[in-house]
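Working notes for the structure below.
Below, each value reflects all heavy atoms present in this structure, side chains not excepted, and no hydrogens, waters or symmetry copies. Whatever order the structure lists them in is the order used to number ligands and atoms, beginning at 1.
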Amino acid sequence: MSIKDQYRILEFGDLGDERGNLVVVEGAQDIPFEIKRVFYIYGSDSEVVRGQHANRNSEFVLINVSGTSKVRVDNGFEEAVIELNRPRMGLYLPTMLWKDMYEFSEDSVLLVLTNTHYDGKEYIRDYGEFLKEVGGTGLK
Ligand code: TYD
């Protein structure tokens, strides 16, 4: 399957009015899963590369609610780079994609929604192990 059919760019509605913007993300409605966990990443500078793992069970929606960052996704055969640069933009990532997040702007606040509670055992942090599990040829 082409990597472009695996991730999805979401565009959330804006319920804002003259008082300002209001963006709502409802689990299983605006995104493809019920939300079990929320975390956010900020204070990572432009040199830092985060992520560098794949997940067996977790799906994610990433939203730069402030600032910008880039996400590189890799399915073992091909890769894509997505820039998160709008508070209404979401990036849906299914399970078993290798991901790197990088080039965080100074004001970057990267909000992450996921369908699981944290379980370190469902993380694959070794790229060789990831390739083995997806049967991939590798890009690194
Ligand atoms: P890590 O997965 O390395 O963060 P990132 O994907 O942004 O690079 O997580 C850093 C540490 O925090 C690691 O020890 C695991 C822990 N952690 C939790 O305990 N719960 C969580 O929900 C997350 C995302 C991380």
Positive for side chain to side chain contact (heavy atoms under 4.5 Å, CB included) with Thr68, one of Asn85, Leu110, Leu84
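Per the side chain to side chain contact (heavy atoms under 4.5 Å, CB included) rule, the option paired with Thr68 is Asn85, out of Asn85, Leu110, Leu84.
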What residues form a side chain to side chain donor-acceptor pair (under 3.5 Å) with Ser105, not counting sequence neighbours?
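Counting only residues at least two positions away or on another chain, Ser105 forms a side chain to side chain donor-acceptor pair (under 3.5 Å) with Asp107.
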Test side chain to side chain donor-acceptor pair (under 3.5 Å) applied to Ser58 - qualifying residues, sequence neighbours left out
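Partners of Ser58 under the side chain to side chain donor-acceptor pair (under 3.5 Å) test: Thr116, Glu122.
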Residue list, salt bridge (Lys or Arg N to Asp or Glu O under 4.0 Å) with Arg86, at least two apart or on another chain:
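Expected list: Glu11.
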When you check ligand 1 against the protein, what N or O pairs turn up below 3.5 Å? List the atom names and distances, or just say none.
unit_1, atom_1, unit_2, atom_2, d
ligand 1, 2 (O), Arg125, NH2, 2.9
ligand 1, 6 (O), His53, NE2, 2.8
ligand 1, 7 (O), Arg50, NE, 3.0
ligand 1, 7 (O), Arg50, NH2, 3.2
ligand 1, 8 (O), Gly51, N, 2.8
ligand 1, 22 (O), Arg37, NH1, 2.4

Below 4.0 angstrom, N of the basic side chain to O of the carboxylate: do Glu133 and Arg56 qualify?
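Judged by the 4.0 Å cut-off on N to carboxylate O distance, Glu133 and Arg56 do form a salt bridge.
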Common cluster, Val24/Ile63, ILVMFWY with side-chain heavy-atom separation under 4.5 Å
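No.
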